[in-house]
Amino acid sequence: MVVLGPNRYGKAETRIVRVTRHGDAHRVKDLNVSTALSGDMDEVHLSGDNSAVLPTDSQKNAVYALAKRHGIGAIEDFALLLARHFADSQPTVRHARVAIEEYAWERNGASGHSFVRAGGEVRTCVAHYDGERAHVVSGLRDLVVLNTTNSEFWGYIKDEYTTLPETRDRMLATAVNVSWRHAAPAGPSEAWPSGDWDKAYDRARQALLAAFAETYSLSLQQTLYAMGSRVLGDCPGVCEVRLSLPNKHHFVVDLTPFGLDNDGEVYFAADRPYGLIEGTVLREDAPDAGPAWE
């Protein structure tokens with residue numbers, strides 16, 4: 001017996017750049033938007049009946065049209081706007097998922113219309129809406145950080161394949177990939193507080209950076225926990241933090257063949273293979289996540 005399991009469909013990676021013009025001062029929002037819808041979609045799989053299907057091309061066009069009609073502020077607001085549009089306007093759509101990546105641009109000099117692409121992290125969010133309740137996860141990826149000291153690694157298991165020497169002083173670097181879940185509204189009639197997303201993002205980002213800088217690390221796992229805990233402590237609206245931290249290894253180069261000492265000054269930066277540390281930090285009373293992480 002074969003049955004149809006969970007399924008969804010949508011338009012992946014719709015690239016959109018929205019320019020807001022206030023006289024000579026312009027603002028650029030550069031996004032990558034992916035939509036996914038689910039609901040009463042069995043027949044399109046079982047018999048090819050498309051009567052319940054909103055074409056993915058229509059989803060792409062809605063991204064552009066709503067960006068023009070409403071503008072783009074915080075990406076969380078735009079994701080919720082899109083999710084509510086799809087779930088509320090189509091009777092066969094029971095659930096909408098919208099994921100957005102934002103690429104930052106900085107002003108180039110004094111000109112109000114010239115920009116340079118910022119080379120830092122990518123801001124992210126995912127919004128779910130089912131016609132009654134919303135779930136929002138914010139985050140960032142590729143925030144590269146490095147401590148030149150205040151990190152050790154020793155006391156680990158040693159087996160017949162262990163060659164790594166213990167160290168009481170090492171360089172610690174990672175590219176932070178993190179998502180944090182906002183506590184859900186209490187009921188269907190309550191809306192997320194529009195306008196607070198940017199402040200919440202800045203606060204969470206600063207908490208991550210402060211924890212990384214201030215933690216005397218005996219392991220990257222310890223640093224991960226400190227970073228997640230700091231976000232929860234500084235951001236009351238956040239109930240769960242998930243982090244993925246690749247260990248960007250830096251090895252002291254042996255310069256003795258050249259008659260030179262190397263007292264932690266010259267390193268080889270290895271890009272692979274690398275250790276990958278992943279973990280979740282959450283409040284004991286965190287509400288049920290529902291579909292937030294899907």
To the nearest 0.5 Å, what is the distance between [atom1] ([X]) and [atom2] ([Y])?
X	Y	atom1	atom2	value
E240	W293	CD	CH2	5.0 Å
R205	C235	CZ	SG	13.0 Å
I75	L82	CD1	CG	12.0 Å
I16	D30	CD1	CG	9.5 Å
T124	E76	OG1	CD	8.5 Å
L245	L220	CG	CG	5.0 Å

Closer than 3.5 angstrom, by distance alone: can the side chain of [X] be matched with the main-chain N or O of [Y] as a donor-acceptor pair?
X	Y	result
R242	W180	no
H249	M171	no
H135	R133	no
H95	S38	no
Y129	G131	yes
T92	A52	yes
N7	G5	yes
T14	K60	no
T162	D159	yes
N262	V253	yes

Between [X] and [Y], what is the shortest heavy-atom contact and its length?
X	Y	value
L224	G279	CD1-N, 3.6 Å
A211	A226	CB-O, 3.7 Å
A36	R8	CB-CD, 3.9 Å
C125	A79	SG-CB, 3.8 Å

Between the side chains of [X] and [Y], does any donor sit under 3.5 Å from an acceptor?
X	Y	answer
T215	Q222	no
Q59	T35	yes
S58	N61	no
N177	S244	no

- Query: Quick one: is the NZ or CZ of K68 closer than 6.0 Å to the six-membered ring centre of Y64, and within 45° of its axis?
  - Reply: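 Judged by the rule (NZ or CZ under 6.0 Å from the ring centre, within 45° of its axis), K68 is not positioned above Y64.
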- Query: Honestly, is R168 close enough over W154, meaning NZ or CZ under 6.0 Å from the six-membered ring centre and within 45° of the axis?
  - Reply: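 Yes, R168 lies over the aromatic ring of W154.
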- Mind checking whether V144 and F212 sit in one hydrophobic cluster, side chains of I, L, V, M, F, W, Y counted as touching below 4.5 Å? no
- In the single-linkage hydrophobic clustering (I, L, V, M, F, W, Y; side-chain heavy atoms under 4.5 Å), do V126 and L37 co-cluster?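 No; tracing contacts between hydrophobic side chains, which count when under 4.5 Å, never links both residues.
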Would you mind checking if [Y] and [X] are paired as a salt bridge, meaning a charged N to carboxylate O distance below 4.0 Å?
X	Y	answer
D40	R94	yes
K29	E102	yes
R15	E101	no

In terms of heavy-atom contacts, does [atom1] of [X] have more than 12 from other residues, nucleotides or ligands at under 6.0 Å?
X	atom1	result
D261	CG	no
E284	CD	no
Y9	OH	yes
D202	CG	yes

- Query: What do you reckon, are the aromatic ring centroids of H182 and W197 less than 6.0 Å apart?
  - Reply: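 Close enough - the centres of the two rings lie under 6.0 Å apart.
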- Message: Determine whether D49 and S47 satisfy the following criterion, side-chain hydrogen bond (donor to acceptor under 3.5 Å, both in side chains), listing intermediate values before the conclusion.
- Response: CA-CA 6 Å; D49 181 353; S47 67; 5.1 Å; no
- Item | Full working for side chain to side chain contact (heavy atoms under 4.5 Å, CB included) between L146 and L172 | CA-CA 6 Å; L146 179 149; L172 183 67; over 6 Å; no
- Step by step, work out the side chain to side chain contact (heavy atoms under 4.5 Å, CB included) result for L209 and L143. CA-CA 9 Å; L209 292 174; L143 176 64; 3.9 Å; yes
- Task: Take S217 and E152 through the test side-chain hydrogen bond (donor to acceptor under 3.5 Å, both in side chains) and record every step on the way to the result.
- Result: CA-CA 6 Å; S217 178; E152 306 180 15; over 6 Å; no
- Task: Could you walk me through whether R230 and E214 pass salt bridge (charged side-chain N to carboxylate O under 4.0 Å, His left out), step by step?
- Result: CA-CA 11 Å; R230 185 68 168 263; E214 297 168 9; 3.1 Å; yes
- Message: Run L282 and V241 through side chain to side chain contact (heavy atoms under 4.5 Å, CB included) and show every step you take.
- Response: CA-CA 6 Å; L282 71 165; V241 184; over 6 Å; no
- Could you check R123 against D198 for salt bridge (charged side-chain N to carboxylate O under 4.0 Å, His left out), going step by step and ending with a plain yes or no? CA-CA 10 Å; R123 180 173 168 177; D198 292 339; 3.0 Å; yes
- Evaluation steps, side chain to side chain contact (heavy atoms under 4.5 Å, CB included), between H22 and T20: CA-CA 7 Å; H22 296 291; T20 303; 3.4 Å; yes
